[in-house]
Amino acid sequence: MVGPSAGRGRARAAATAVTDRLTAAGLQVQVLPTTDRSTAERSVREVAPDVDAVVALGGDGVAHVAVQGLAGGGTPLAVLPAGTGNDLALALGVPADPLAAADAAAADLLAGRGRRTDLVRSSSDGGERWWATVLCCGFDSAVSDRVDRLRWPRGRRRYDLAIAVELARLRPRRVRLTLDGRTDEHDVTLVAVGNTGWYGGGLRICPDADPADGWLDVTVVGPVSRRELVRTRPRLAAGTHTSHPAVRVLRAREVELDAVGLSTWADGEPVGPLPQRCTVVPAALTVLGAGRR
């Protein structure tokens with residue numbers, strides 16, 4: 001499956017070369033329809049029992065769609081990074097070049113090997129969603145909500161505008177956080193629940209998260225000023241923000257979040273409003289082409 005708009009057309013441009021590379025390796029390739037998210041998810045569910053693997057060419061959103069139909073099953077996933085954000089591929093050690101990633105995935109498939117990784121199931125009154133990387137709520141989800149609503153400007157400037165607007169509206173939000181049955185309330189700027197370490201295109205919000213350990217890392221950023229938030233965000237790239245006095249890192253196997261008026265996003269895709277219950281499911285997915293441990 002190919003993300004039609006992933007990487008501003010990068011995935012679509014790479015699709016023919018990737019198909020040729022997989023075919024040359026002796027694999028038969030069927031391109032699944034991805035006109036919209038529901039169609040793409042339904043397509044994955046329908047073909048999963050009858051194919052040897054599903055290939056997701058694009059960014060984290062394309063992998064997120066594939067995960068909905070593969071979680072808990074035996075059909076493996078190959079992530080070929082060609083999106084704006086490729087955080088799952090980064091966390092799994094997949095080659096950054098989609099052709100090299102295709103080669104690695106084909107080699108694993110033909111050799112009958114793969115790597116098991118944890119997934120997370122989020123449940124609420126609105127249903128269930130599976131995700132692989134990081135779920136966030138608070139400042140970051142508010143920015144994502146605004147980006148999703150904006151129709152101008154295009155590209156990166158739309159994201160920059162959304163950040164500026166949400167910074168002007170910044171205030172702590174009261175969140176009820178329940179970790180493995182123990183509940184506390186926190187005034188927060190944001191909360192990130194990580195199965196893997198990276199989100200937002202290479203920011204290490206949960207730097208020690210391991211998608212094969214059966215645990216979730218929870219990064220809680222308490223109240224900070226606008227200036228402090230802007231100053232601290234660059235430290236996310238290195239994962240050094242955890243030493244900031246406003247930041248706490250917690251761990252649990254099940255995380256419940258509840259607050260008024262907050263949404264959640266995971267894998268760069270909307271999950272739904274709070275409350276949400278996030279449960280790690282160990283070894284729920286086999287991945288191809290991932291870096292060897």
Side-chain angles (χ1 to χ4, degrees), residues 41 44-45 48-49 51-56 60-79 86-94 104-105 108-109 111-124 127-137 177-183 191-199 204-220 239 242 249-257 264-269 271-272 275-293:
E41 290 176 7
V44 173
R45 291 190 181 97
V51 298
D52 294 321
V54 171
V55 176
D60 293 316
V62 182
H64 179 83
V65 166
V67 160
Q68 307 311 311
L70 300 178
T75 305
L77 172 67
V79 178
N86 301 298
D87 294 307
L88 180 57
L90 178 63
L92 295 175
V94 172
D108 274 0
L109 182 59
R113 62 179 178 243
R115 197 172 101 193
R116 301 294 292 184
T117 187
D118 303 342
L119 292 175
V120 186
R121 182 178 61 243
S122 283
S123 56
S124 68
E128 291 187 349
R129 299 293 299 176
W130 289 86
W131 49 272
T133 58
V134 176
L135 176 139
C136 65
C137 73
L177 191 60
T178 303
L179 306 181
D180 291 336
R182 178 175 177 178
T183 300
V191 178
V193 182
N195 181 48
T196 64
W198 286 269
Y199 83 152
R204 296 187 67 188
I205 185 67
C206 300
D208 295 323
D210 181 348
D213 66 357
W215 289 87
L216 298 170
D217 283 25
V218 184
T219 300
V220 180
T242 56
V249 179
L250 310 168
R251 302 191 84 209
R253 298 185 188 276
E254 184 173 87
V255 178
E256 297 180 53
L257 304 105
T264 57
W265 288 64
D267 300 336
E269 295 292 310
V271 172
Q276 292 283 338
R277 177 185 291 111
C278 305
T279 306
V280 65
V281 181
L285 179 70
T286 299
V287 290
L288 302 174
R292 305 268 71 82
R293 287 186 180 274

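These numbers come from the heavy atoms of this one structure, side chains and all, not from hydrogens, waters or symmetry mates.
- Put simply, the side chain of V120 does not reach to within 4.5 Å of the side chain of V193, judged on heavy atoms.
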Inset, instruction - Go through the steps to decide whether L250 and R182 satisfy the test side-chain contact (heavy atoms from CB on, under 4.5 Å), and finish with yes or no. - result: CA-CA 12 Å; L250 310 168; R182 178 175 177 178; over 6 Å; no
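- Taking OG1 of T75 as the reference point, atom CZ of R45 lies at 13.5 Å (rounded to 0.5 Å).
- Applying side chain to side chain contact (heavy atoms under 4.5 Å, CB included) to D87 and the options L92, D60, I205, T196 leaves one that passes, D60.
- Here the closest non-hydrogen pair linking P207 and G239 is CG-O, 3.7 Å.
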Inset, instruction - Could you check D213 against R251 for salt bridge (Lys or Arg N to Asp or Glu O under 4.0 Å), going step by step and ending with a plain yes or no? - result: CA-CA 11 Å; D213 66 357; R251 302 191 84 209; 2.6 Å; yes
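- Of the residues D108, L288, L285, the one that meets the side chain to side chain contact (heavy atoms under 4.5 Å, CB included) test with P76 is L288.
- Side-chain contact between L88 and D267 is absent, with no heavy-atom pair separated by less than 4.5 Å.
- R277 pairs by the side chain to side chain contact (heavy atoms under 4.5 Å, CB included) definition with S123, E254, E256, T279, not counting sequence neighbours.
- Taking OG1 of T133 as the start and CG of N195 as the end, the distance is 8.0 Å to the nearest 0.5 Å.
- With L257 as the fixed residue, the side chain to side chain contact (heavy atoms under 4.5 Å, CB included) test singles out one of T178, V218, L135, T264: L135.
- Contact check for H64 versus R129: side-chain heavy atoms found under the 4.5 Å cut-off.
- Within the 4.5 Å cutoff, the side chain of D208 has no heavy atoms near those of the V249 side chain.
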